[in-house]
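The structure appears below as C-alpha cells.
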Amino acid sequence: MMTRRRRAHHSHFHPAQPPAPPRPAPRATRRRLLRNRKPSRGRARGSGAGLGGVGASPPRRLSPWISSAPAIPRFGMGGISGRASRIWCWGWLGMRSPRPPSSTSSSPSGTHRELRRGLAEKLFVFGVAGFAACLSLVGLTMLVKKKFEGKDVEDYELSFMCSQFITWMSVSIVCVSGDWFEIIYNPIMCFCWILKILLEIPHLQYKLTVLKAVASLMEIISFCTATTFGLFVIVAAVVSQSGNRRKVNSIEAPLILNEEKAECEITNMVKDHTLWELLTFKFVNPMMDTGITRQLDFTDLLELPAELRATSCYDRLLSCWTAEYQNHHNDSSLLRAMFCSYGWTYLRLGLLKVLNDSISFISPLLLNKFIRFLQQGSGGMDGYILAISLGLTSIIKSILDSQYSFRLAKLKLMLRSSIMGIVYRKCLCLSLAERSRFSEGEIQTFMSVDADRTINLCNSLHDGWSLPLQIGVALYLLYTQVNYAFLSGLAITIILIPVNKWISTRIAGATEKMMKQKDRRISCAGELLAHIRTVKMYSWEKLFTERLVERRESEVHHLAIRKYLDAWCVYFWATTPTLFSLSTFSIFAIMGHTLDAATVFTCVALFNTLISPLNSFPWVINGMIDAIISSRRLSNYLSTPEHHSSELTASTDLLKHQFKRYTEVIHNPMTFVLQNVCCSWSSSSVAEPNIVLRDISLQLQKGLFIAIVGEVGSGKSSLLNSVIGETHVVGGSISSCGSIAYVPQVPWILSGSLRDNILLGKEFDPRRYKEVLQACALDVDISAMTGGDMSYIGEKGTNLSGGQRARLALARALYQNSDVYLFDDILSAVDSQVASWILEKAIMGPQLMQKTRLLSTHNLQAISVADMIVVMANGLVKWFGTLEAFLATSYSRISKPDSSSPTSFTVSVKDKTPIVSCELKTDVIHEDDSGVAYEEQNEQVEAEARKEGRVELSVYKKYATFAGWSIVVLIFLSAFLMQASRNGNDLWLTYWVDTSTGTNNTSFYLIILATFGIINSLFTLGRAFSFAFGGLRAAIRVHASLLENIISAPVCFFDRNPSGRILNRLSSDLYTVDDSLPFILNIFVANFFSLLGTLVVLSYSQVSFLLILLPLWLIYRKLQFYYRSTSREVRRLDSVARSPIYSSFTETLDGSSTIRAFQKEGFFLERFIQHVTLYQKTSYSELVASLWLSLRLQLLAGFIILFIATMAAVTFHSSSLVNLGTPGLVGLALSYAAPVVSLLNGFLTTFTETEKEMISVERVAEYVGIPQEELQGSESPPRSWPAEGRIEFVHVTLKYKPELPPALDDISFLIASGMQVGIIGRTGAGKSSVLNAIFRLVPICSGHILVDGIDVAKIAVRELRAHFAVVPQSPFLFDGSLRENLDPFNTTTDLRVWEVLEKCHMKGEIESMGGLHIHVKESGVSFSVGQRQLLCLARAILKSSKVLCLDECTANVDNQTASLLQNTISAECKGMTVLTIAHRISTVMKMDNILVLDQGKLVEEGNPEVLVNHKSSRFARFAKASQM
C-alpha cells in the first residue's frame, strides 16, 4: 500500500519547455515525467521530519524535460554550420554560395568534417593568418636589414617581431592540418587571443607616441589583423561550444519518446544566424519590417535562444540555491547561488569589457598625434593614416561595446526568469503558517521590484571595477600631457569620495525604508481590490483612500530623501569634469607652461572619457546597494522553512512503526493517525506560538464518512488544514495514507474556463466529467451558459454566485478521484435542496462511497448520515464516536436548532441514507441556475488594452501637468543654460590656445574660464534639484489621481479587470513613474541639449560639417523611425506580457493551500513558466532591437569622426589652397565629434526609453479616465434617513449586461417599516441581486426602488450606502486593529463594542486573544470564517441603521450559534427593517415575511408559518428538504 507523508519539502517542479507562443507540453509527456519524478505519496510528520528551505535532497534537474527542445544547429569552424556558414562566408567575399551537399550522401570519416565547412570560411582563416605571417616577416626583414646597416635597433623590437612571426606561422601551419578547427576554436586558444590583443595595446600606444605615423603603420595593421582574427575565433568558438552543449543535453533526454521529441523540435525550432547577423543584429530586421507596416503581435517577436528558455534558467538557479541552502541554511545568500549558476559566464564577460575599455583610450592618443600633425602643417600620408585610424578605432569600439551589452543583457534576462521562477516556486511550497511572517504585499514586491533590482547587480559589479580602472588610465594619460597639474583635479575627485559615500549610505537607508512602506501600500491596495465589492457596500472608499494615502505619504517621504540626495550626487559628479578641467589648466598655466591645441584637446578628450565613469559611479554604487538590499530580502524569503521541525516526544522510527502497525494489523487500515498533535498558525520563527489545536489524537479508518462539528472557532478548519500540512506542528505527529482532495470553506476559483477549473490539469475523461457535473448539480448551470463549460470564469469567480463557486470547487475535488476528501463546510453556501442533492449524489454517492471523507459542517442531514462524528471545542477534540452515541451526549445540542422550529433535528439512526424526493430531484435538474449573483458567464475578462502607434503628445502634456508647467520651464531653462555655459567654456579654451603665444594675459584667460565654470556649476545644481522636485510632485499627483479614479469605479470595472492587472498599475507602473521615468527623462533632457550644443560647436568649428549635416539627419531620422515603430509596440507587448505573471502570482497566493493539497504544484509552475517565457520573448526582442539601433548610431558617429579628420587633413595639407580653421578649432571639432558616439546613441536611446517609460503614464492615464460611479445625487436625504426603513420595489428589472437574461425580472414588493424579511431561493435565483439593486452596485434597467419614499437612484451612491448596514456573504476584515475593524470611524464607545460582541458570542474569544486592540492580519486569517461572520454582524449592529441587510450571515456557524444569533438580531434589531438572504430554513422561520425568488421572478410571498403549512407552496418544499 502506498502511504503519503507530509512533505518535508515540495519537490522541484519541472515545467515543460514552453515554445513561443507558449503552450503546454503534450499531456502524456508531462504525466510521464511527473510520474518519474514523483516522490512517495506517504506522509509522516513530526520533529524528526523537519527540513527547511528546499529540502535536503539533491535537486532533480529539468534537463530531461527541457531537452526536448532542439539544439540550435551547431556552429562549425568559426561557429557557423552547414549552409548558413557558407552563405555568410561567400556573401562576405562577394561570391555566390555553392549548392550544399546532400544530407544523405556518405563520406569517409576523415573528410566528413571538411565537407561541413565552406571553402570561403577556410580561405578567410588561412588568408588572415597568411597575410599576418607575411606582414610580420616583412617587419622582421626590415629590422634585420637595419641591424646589418648599423642602425640603432632595440633588441626587444627584434624579439617582439620574431614572436609575431612565429605565432602567425604556427597558426598557418596548424591550418594545413585536417583538424585545425579543433585547435583554433579551442577555449584555451580563445583566452590566448584575448591576452595577445590586450598585451599588444601598450605596444601600439607606445608606437603612436612617435611623430611619424608611417612608422606606426605596420603596428596598426598588425594589431587590426590580430583583433579581427581573434574576434572571429572567439565568437565562433563560443557559439560552437553552446551548440555542442545543447547537442549533449539533447542526448541526455532518455525520457522523451521519439514522436514527442519530434513534436517539440518542430515547435521549438530556432532559426540559425550567421556570424555577420550576430555581429550586426541583422536577424531582427524581419520583426522591424513588420513593425512599420502593422501592429506587432506576440507571434511576430524573435524566437528565444535555447539558453534563454525560462525552464533551463529556472532549473539552473534552483539547483544552485538548493545546494546553497543545504550548506548555509538560514544564512543562505541568493547572490552566492547566482554566482554558482552564472558566475563564470559573468566573469568571461569581464574579459570582453577589459578589451572594450582598453581600446577606448587609443582615440585620445591618436587625436594628440593628429593635432600635432596639423600644428606642424607637414605633408605626406601621415594625416590621412591618422584620420582613418581615428575612424576605425571608433568602429571597432562600437562593435565590441554592442556585443558586451548584448551578452550582459542576455545574462540579466536569464537571471530574471530564474529568480521569478524560484520566487513563484517558493510561493507554491510555503505553508500558510510559514507564510504568515510575510504580508501578501511583501511577497508581491519580491516578484515585481526586488527581482529586477537584484539582477541590476550584473551592471553594477563590472562597472564597479571598470569605472575606477577607466578613471585611473585617463588620469595617467593626463599626467603624460600636463605633468602634475592633473593632481589638482584629482584632489577635487578624492575630496568628493567621502561626500558621495555618506550620500550613498543615506540613500541606502532611505531606499530600505521606502521599500517597506511600498510593501505596506501594495498590501493594502491588494486587500482593497480583493474585497472591493464589500468595501463599496460599506461605503468605506474614504477610509481605504486615507489608509493608502497615509502609507503613500510615508513612502514618498523616503522617496523624497532619496531623490534629493540623488540630486546632490548628480550635481557633484556632473560638475566634477568642469572643475577638473578648470583646475588642471589653471595650475598648468600658472606653472609657466604654454597651452597648445594638442595638449588642451587631448585633455578635453580625456575629460570627456572621464565624464561617463564619473557620472555613472554614484548610480553604480546606488545600484549595488539596492541590489544587495533586495537580494537579502529575497534570501530571507527563500530561506523560510517549507516544512518546520517540531518538538516531538516520539522518534521517527517509532512513528513509522506505529503507522505500520495501524495500517497493517487492523482489518480496516487507518487513513489518518494523529498523535498528541499541537498546531499553530504562527510560523516556526515565532518563539511563543498561539496554539489553535491542542493534544489532538485521532485514528480515522479508511472508507468512513466523518463529520466534524463544533461551535464557531472551535478549530474545525484548523484540523483539516493540519492534515494537509498548512499549520505549524508544534508537537506530535500526523500521518496519512493516499492522495487528498480539499475543498476550502471559501472556494478558490481559477480565472479561466469552467472546465479548466474542474480538470485542474488532469486529463479529460468525458464519462467521469459528466458524472461529476450531475453529482454537483452543475449540468443545468452549464446548459444555461452561452459558452457551456468553456465559459470564462472571472478572477475569484466573480461572475458566479456563492453556491456555484462552492459546487465548482466540489466538482474539482470529485473529478480528481483521490483517496481522501476534505470538505470544509461546503454545504453552507447552497440552499437546502441543493445541499440534499450534493449530499446524496456527491458526498454519499457511488463515486465516493469507498473513499474517506471528512466534512466540517453544521448541516443536520450530513451529521445524520455520518459514520463517525468528531466534536471539537476550543481547539480540543471533546468527543469522538458514532451517531448513536453522539445523540446520547450533551454535545448533540451543538447541531440542534431551536426546538420550536419546524425543522428540528429528528433523525432515524437505523436508516442513515438521505432520502431525497423525486420532486426534489426533478426540481434540481430543471432549475435554472443561470441567474447568478453576477450573471456574466458569457463575458470573458477583457483582454488588456494596448495602444497603437507612438505615445501621444497628450501623455507628455499630462505628465508635465502632474509635475507642474512652471517646474518644466525651469528644468528646460537650467538645462539649456548649463549646456551653453559648458560650450562657452570650451570655445574660450580654443580661443586661448589659438591666440596666446606665451604666458601673457594668463590671469585674464583664467578669470573668464573660472566664470564659465561657476555659471555651469550653478545651472547644474538648478537642473538636478528642479528635476527631483518635479518628479516627486508628478509621483504624488499620479498616485492620488489613479487611486481616486480606481476607488470610484463601478463594480463592473473590477469584474472585467483582474486585480493583478490593476495592481500592476499601482505597483510596477507607479514604480516607473516614481523612480525610473524621472531618471531617464533627466538623462534625455541632458542628452538633447548636449547634442544640440555639439552640433552648434561642430558647425562653427568645422564649416565642412554642414555638408554632411543634411544627409546625416536624413539617415538618423530614417533609423529612428524604423526603430521607434517597433520599440513602442514591443514595449507595449512587454507590459501586456508582464500582467499575467502578476495575476497568476496573486491567484496562486490565494489558492496555494488548495494547490498543495491536490499536489498540482508542477502544473501551476509549468503554467507560470509559460507566462515568464512569453515575457522573456518580449524582453529579448526589445533588447536586440535597441542594440540594432545602438550599433548603427555608433557606426554613424564613427563616420562623422572619419569625415571631420579627413577634411582637416586635406585642408591642412601643405599644398592645399583652402584652410577651414585653426588647429584649435579642428581639435575642438574632433573632441566634440568623439562623444557624438555616445550622444547620438544616448539621445535616441533615452528618447526611446522615455517613450517606453511614458507607456506607464499612458497605462495609468487609461485608468484615470475610466467611468465613475455617480458620486453626486439630485436629492440629499435628511441625516436621520431612513427614519422608518420602509422599502418598496416597483417593477424593478436588473440586467448585468444587455445581452443577458434579467437577474431581476419586473419584481414588485413592499416591506413595511420594522419588518424582518427572509429572501430565499435556489442558488442563482437572484437573491443577491436584490441587495445589488438596493446598494446600487449594479444600475437597474427599469422601475424604482423607494426607501421611505425617496428614490435611491437620486441619492449619491456613497451617501446611500453609508445609511444602510450590511453583513456580506464573504466576511471581510482588513489589516489593522480589531477596534478599527468594528468601528472604523470611531463613532461609538468601547463599552458599547464589548456589549455587542457579547451578544454576538465573541466576547470571550476576543478577551482571550488580548482585547479590542489586537492586530487583525490580512483578510482576518487569524479568525475562522464563522468568527469573521460574527464580527461582521457585530459591526453591522454597531452601525445602528434602520435598514440591515444580511447575506448568508449564519452560513458558516453551527446551528446552535445560528439560533442564538437570530435571537440577538430579533432583540437588537427591533424597529429595524431586516432583509435576510438565507439557505437555512431555520434562519427565516421566525421572520415576519418570506420572499421566494426563482429565475429573477418573485414567485411566492407570505408569512413563513402560513407557507410551511401549505403543502404545495415552494417554501414548504424547501422546509421539507431541509429536514431530511
Side-chain angles (χ1 to χ4, degrees), residues 364 367-368 370-371 374-375 481-482 489 574-586 588-589 594-611 973-997 1000-1020 1023 1086-1106 1109 1200-1201 1204-1205 1207-1208 1211-1212 1219-1236 1238-1239:
L367 179 65
N368 182 274
F370 187 61
I371 295 176
L374 297 180
Q375 283 177 324
Q481 298 297 318
V482 293
T575 55
T576 298
T578 305
L579 295 175
F580 207 121
S581 168
L582 175 64
S583 60
T584 300
F585 292 142
S586 299
F588 188 69
T594 303
L595 286 173
D596 61 20
T599 302
V600 167
F601 291 107
T602 302
C603 290
V604 168
L606 290 170
F607 293 153
N608 287 332
T609 307
L610 273 174
I611 286 174
L973 186 63
S974 57
F976 170 76
L977 292 173
M978 181 190 82
Q979 185 61 37
S981 59
R982 184 174 172 189
N983 293 144
N985 183 80
D986 293 338
L987 286 168
W988 181 253
L989 262 177
T990 305
Y991 176 73
W992 183 355
V993 298
D994 282 339
T995 57
S996 177
T997 55
N1000 299 329
N1001 298 325
T1002 300
S1003 58
F1004 168 71
Y1005 289 120
L1006 284 177
I1007 289 170
I1008 302 297
L1009 200 66
T1011 304
F1012 275 117
I1014 292 168
I1015 292 171
N1016 178 264
S1017 177
L1018 290 174
F1019 286 122
T1020 302
R1023 194 203 81 184
N1087 279 338
F1088 171 74
F1089 283 109
S1090 293
L1091 186 60
L1092 187 65
T1094 299
L1095 293 176
V1096 170
V1097 170
L1098 281 174
S1099 302
Y1100 169 75
S1101 59
Q1102 282 293 296
V1103 180
S1104 60
F1105 176 71
L1106 295 173
L1109 189 57
I1200 295 172
I1201 293 172
I1204 291 177
M1207 290 300 295
T1211 58
F1212 275 87
N1219 193 335
L1220 295 177
T1222 63
L1225 287 175
V1226 173
L1228 179 66
L1230 286 173
S1231 65
Y1232 265 68
V1236 164
S1238 57
L1239 277 179

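The structure displayed is predicted, hence computed values, not measured ones. Values below: all heavy atoms of this structure, side chains included; hydrogens, waters and symmetry mates excluded.
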Roughly how far apart are F1004 CZ and L1009 CG, rounded to 0.5 Å?
11.5 Å
Distance (rounded to the nearest 0.5 Å) between T990 OG1 and Y1100 OH
8.5 Å
In the structure I gave you, are the side-chain heavy atoms of L582 and F1012 within less than 4.5 Å of one another anywhere?
no
Looking only at non-hydrogen atoms, find the nearest pair between S981 and I1015 and report the distance.
CB-CG2, 3.9 Å
If every non-hydrogen atom of N985 is compared with every non-hydrogen atom of G1013, which pair is closest and at what distance?
OD1-N, 4.4 Å
Passes side chain to side chain contact (heavy atoms under 4.5 Å, CB included), C603 versus F585? Steps please.
CA-CA 9 Å; C603 290; F585 292 142; 3.7 Å; yes
Are any side-chain N or O atoms of N1016 and backbone N or O atoms of M978, one a donor and one an acceptor, separated by less than 3.5 Å?
yes
What distance do Q979 atom CD and T1020 atom OG1 have between them, rounded to the nearest 0.5 Å?
9.5 Å
Taking every non-hydrogen atom, the tightest pair across F1089 and A975:
CD1-CB, 3.6 Å
Got a second to check how far D986's CG is from T1094's OG1, nearest 0.5 Å?
9.5 Å
May I ask you to decide if L1095's main-chain N or O and S1099's side chain share a donor-acceptor pair within less than 3.5 Å?
yes
Nearest heavy-atom pair of S586 and L1006: which atoms, and what distance?
OG-CD2, 3.2 Å
